[in-house]
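For ligands, and for the atoms within them, numbers begin at 1 and follow the listed sequence. Note: hydrogens, waters and symmetry copies are ignored here, and every other heavy atom, side chains too, is used.
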Amino acid sequence: MDLLAFLRYNKKESRVENMERLQKFLSRCGVASRRKAEEWIQEGKVTVNDVTVTQMGYQISEKDIVKVDNQIVQVLEKKYYAMNKPRYIISSVNDDKNRKTVVSILPEALQQEHLFPVGRLDYDTKGVLLLTNDGTFMNQLVGPRSTLEKEYIVRVQGIVTKLKIKKLENGLQIDNYRTRKCIAKIDSIDRKNQSTLVRIILQEGKYHQVKKMFAAIGHEVKRLTRIRFGNILIEGLKEGEIRPLSIHEIKQLYVLSQQDKEFETLKARKF
Ligand code: URA
């Protein structure tokens, strides 16, 4: 066999075999994030064809039988939904204090789909939250390299000045971290009740980020609503309602999570 034929043969073979790293397979099946899967592998919880595998990056093919804690793991049909999360609901699958979660409030049939939230919204935040059983999709959208925009409407205590808006936009120190550039705009000022409504677009999503950013400029957040997650808007969804995403919306989310163009020329010079 000449070299070209050999390379062609090998390429064909690897396509037939469709090899994949074990931790990637587990996250693709929706049973865990890739990091969690790596922990399980290190802890010796994962077997391939009944042999425990602790080697990170171990390659498996479609023919292999993978088990976690002796339970067979299989590729699930991928599911993608958008929810308008109400306030006072936890953004997780279970809650150790038995409070309602974004999964426990789903219709019965959807509770069997192994869904988990794509990132988090605080207990007292409402708005757009995606749910999926696709770990790769989740990592792509909320991983550290994602540039996906999240847009919030924030009611804060006190009158926010334009100077403070600039501070938010230029990035500021919260905890041990400097926030990335963002876009913010005053929507309205309520002088009677001494509060301001601000619209803000972030490309990141650190823990309590919006609340901490406003705290850093001296304003307490009273109410927080996420009105957009990438291309997915809150419009058309009542509180607690859920709808499937279209193929087009899913593809677009992937594209948007890798796009920036200097934050779309600072959101076409502010919205
Ligand atoms: N930032 C916050 O502070 N809370 C949220 O729920 C989302 C973003």
Heteroatom distance test ([X], ligand 1): nitrogen or oxygen, under 3.5 angstrom:
X	answer
Lys212	no
Arg120	no
Lys206	no

From Val102, Leu129, Ile90, residue fulfilling side chain to side chain contact (heavy atoms under 4.5 Å, CB included) relative to Leu121
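Of the listed residues Val102, Leu129, Ile90, the side chain to side chain contact (heavy atoms under 4.5 Å, CB included) partner of Leu121 is Leu129.
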Option passing side chain to side chain contact (heavy atoms under 4.5 Å, CB included) with Arg228 (candidates Ile153, Val128, Ile234, Ile201):
Ile201
Between atom CG of Asn139 and atom CZ of Arg34, what is the distance when rounded to the nearest 0.5 Å?
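Between atom CG of Asn139 and atom CZ of Arg34 there are 6.0 Å.
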Nearest protein heavy atom to [atom], by residue and atom, and its distance?
atom	value
atom 6 (O) of ligand 1	Asp122 N, 2.7 Å
atom 8 (C) of ligand 1	Tyr152 OH, 3.5 Å
atom 1 (N) of ligand 1	Val210 N, 3.1 Å

In terms of atom number and element, which parts of ligand 1 are under 4.0 angstrom from non-hydrogen atoms of [X]?
X	value
Leu224	1 (N), 2 (C), 3 (O), 4 (N), 5 (C)
Thr125	4 (N), 5 (C), 6 (O)
His208	1 (N), 2 (C), 3 (O)

Has Thr147 got a side-chain atom pairing as donor or acceptor with Leu256's backbone, closer than 3.5 angstrom?
yes
Do the charged groups of Lys167 and Glu169 touch, with an N to O distance under 4.0 Å?
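Salt bridge between Lys167 and Glu169, a charged N being under 4.0 Å from a carboxylate O: no.
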Can you name the closest pair of heavy atoms from His219 and Ile217 and give their distance?
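Scanning both residues, the minimum pair turns out to be CD2-O, 3.4 Å.
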May I ask you to check if Arg243 and Tyr81 form a cation-pi contact, with NZ or CZ under 6.0 angstrom from the six-membered ring centre and within 45° of the axis?
no
